[in-house]
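Side-chain atoms are counted along with the backbone in the values below, which use heavy atoms only and exclude waters and symmetry mates. What you are looking at is a predicted structure, and each value in this text was computed from that prediction instead of being measured. Residue numbering restarts at 1 for every chain, and letters A, B, ... go by the order of the sequence lines.
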Protein chains: 2
Amino acid sequence: MECGQVCEGCAVRDVALCGSLDDSGLADLNRIGRRRRVGCGETIAWAGEESRSCANILSGLFKLSASTADGREQTVGLLYPADFVGRPYAPRTDYNVTALSEAEICVFPRPAFEETLERHNELERELLRRTLTTLDEARGRQLMLARQSAEERIARFLLDMAKKMGGARPTPGGPQTFDLPLSRGAIADVLGLTIETVSRQMTRLKAAGIIALPGGRAVTILRRADLQGLAAET
Amino acid sequence: MECGQVCEGCAVRDVALCGSLDDSGLADLNRIGRRRRVGCGETIAWAGEESRSCANILSGLFKLSASTADGREQTVGLLYPADFVGRPYAPRTDYNVTALSEAEICVFPRPAFEETLERHNELERELLRRTLTTLDEARGRQLMLARQSAEERIARFLLDMAKKMGGARPTPGGPQTFDLPLSRGAIADVLGLTIETVSRQMTRLKAAGIIALPGGRAVTILRRADLQGLAAET
DNA sequence: CGCCCAGTTGAACGTCCTCAAATTGCGTGG
DNA sequence: CCACGCAATTTGAGGACGTTCAACTGGGCG
């Protein structure tokens, strides 16, 4: 038993940040980490509060959101299993972290995590790599939010989700069906639109025969090429 | 002479990334870095191209921009003296880097810079810290681009610029005058608006007696409190 | 002196938002 | 099993904000 009870049977052991560590490093992390279940809708960190802990996501989906003083809200990032959450090296967080589904996370107290970061160079390097990638994503979303139409945003979002979710695909290249892990409201928050606009655009895509909406949160991509045409980006 | 000809008399020696290094580390960086003048409007990195080098900005202002296939453009970050530019650990850049003024930079070949990063842990840690801060900024801009009105964006932008630029301030707390280092077009690119909207909003602020526009790119903030009221954010 | 470019101003339009109502989906309890 | 109630979603009508297109202004420089 090389890595103790927390890492034991961890679903994201190799793909998460920890994947960069050798056994001794893993033992270090294992010492300070502990698993926690998070209920759907539960917020695990609040903007403006002290940055008390960091975590790896084991399962479930989270949103990272910011809001204006008068309550307008924007999701500035989605977090999937194996993603890292938290803000090392800063006393406070600027964003809320909220579960969009039932979830499980592996939590580390921030000071202890920072010490581990300092002790294990490979962990720090991996965090740097991930942060740079996340920064690229955040910048890509700036382009979307500033310059793309509602139709383009929805098309891109559906394609992104299709990739993330996998889902049923009877014949390769054929129609793909999957469940959106977000409500219409959550989608609107991500895309910088309103619920109504999201709904209308989905309806339009359905009317155009590009997608089908079999019910619930399910989506079927019928004509992927057309959807990609609408999403046309960089 | 502890750090050779490049770092010699470097204006940002202590505030840039390099500030984290001791003399031996600095000697390492000095070996691979070289200074370069950049003309106003010159683009030093192109989206989609190979990520060949990284750099520290010694003087001048740069924009980091992304664009859609059909030419809509968005500035996703502004880079000031002492800021780091480049994308270590990735084969290509996703963004253009363009000088908005005459500038000078200290360039490192990317592979050599990455090696230095690996050899000097403190450099890597400082880059991580900076990247995390930049990520926070990028997320803040997402909120702005998605949810703030043109008026709010302009107000916030003017306040941010006033802080960055310093500028003349006859009496403490009194009116502050400074030159915007960006054209109206560049401002529009940053704020996700059009030139016309930027111009109209500036005119409105002037008409309201909140700012004055003494000519050229100069701006005077007459009633800071009111401007802050309009900018109301997180 | 006149050109040229940045900036300003004006008018019309379109996209997306707001507010409101109708509809659907789903869990609960009768 | 069906009725009910709540929440999520869809649909509709109207309006606001920012864009688009176009004309005009002013300052710098040949």
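- Regarding contacts with the backbone of C/dT9, a side-chain N or O of B/Thr203 is found under 4.0 angstrom from either OP1 or OP2.
- Taking the side chain of A/Thr197 as heavy atoms from C-beta on, and the options D/dG18, C/dT8, C/dC17, the nearest nucleotide is C/dC17.
- The nearest whole Å value for the distance from the CZ atom in A/Arg147 to the C1' atom in C/dC16 is 16 Å.
- At whole-Å resolution of the value, CG in A/Leu180 and C1' in C/dG25 are 16 Å apart.
- Position along DNA chain C of the nearest nucleotide to A/Gly215 versus A/Glu151 favours A/Glu151 as the more 5'-ward residue.
- Among the nucleotides C/dT18, C/dG10, D/dT10, the one closest to the side chain of A/Leu213 is D/dT10.
- Of the candidates D/dG12, C/dT8, C/dG10, C/dT8 carries the atom nearest the B/Ile195 side chain, counting heavy atoms from C-beta on.
- For B/Gln74 and D/dT19, the CD to P distance is 11 Å, given to the nearest whole Å.
- Closest contact between the side chain of A/Ser183 and the listed nucleotides C/dT9, C/dC16, D/dT9 involves D/dT9.
- Applying the 4.0 Å criterion to OP1 and OP2 of C/dC16, one finds that A/Thr194 has every side-chain N and O outside that range.
- Phosphate proximity of C/dT8 to B/Arg184: present, with a side-chain N or O under 4.0 Å from OP1 or OP2.
- The separation between B/Leu205 atom CG and C/dG7 atom P is 17 Å, rounded to whole Å.
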Given B/Asp160 and B/Lys164, is the salt bridge (charged side-chain N to carboxylate O under 4.0 Å, His left out) satisfied, shown in steps? CA-CA 6 Å; B/Asp160 288 349; B/Lys164 279 282 183 193; over 6 Å; no

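- Note: CZ (A/Arg204) to C1' (D/dT10) measures 15 Å, nearest angstrom.
- In this entry the distance linking CD of A/Glu73 with P of C/dC17 reads 15 Å, nearest Å.
- When each of B/Ile195, B/Thr197, B/Thr194, B/Asp189 is tested with B/Arg184 by the rule side-chain contact (heavy atoms from CB on, under 4.5 Å), just one qualifies, namely B/Ile195.
- Expressed to the nearest 0.5 Å, how far CZ of A/Arg147 lies from OG1 of B/Thr68 amounts to 9.5 Å.
- The six-membered or imidazole ring of A/Phe84 lies near that of A/Phe113, with a centre-to-centre distance under 6.0 Å.
- Nearest to the side chain of A/Gln201, among D/dT10, C/dG10, C/dC16, sits C/dC16.
- When heavy atoms are screened at a 4.0 angstrom cut-off, A/Leu193 is found touching the sugar-phosphate backbone but no base atom.
- Across all strands shown, A/Ser199 has heavy atoms under 4.0 Å from base atoms, whether or not it also approaches the sugar-phosphate.
- For C/dG10, its base sits under 3.5 Å from the side chain of B/Arg200 at one donor and acceptor pair at least.
- Atom-to-atom, CD1 of B/Ile154 to C1' of D/dG18 comes out at 12 Å; the value is rounded to the nearest Å.
- Between the P atom of D/dG27 and the CZ atom of B/Arg217 lies a distance of 16 Å, rounded to the nearest Å.
- Between B/Glu8 and B/Arg13, none of the side-chain N atoms (NZ, or NE/NH1/NH2) sits under 4.0 Å from a carboxylate O, so this pair counts as no salt bridge.
- Between A/Gln148 and A/Glu196, the residue whose closest nucleotide on DNA chain C is further toward the 5' end is A/Gln148.
- Scanning both residues, B/Ala66 and A/Leu143, for their nearest heavy atoms gives O-CD1, 3.8 Å.
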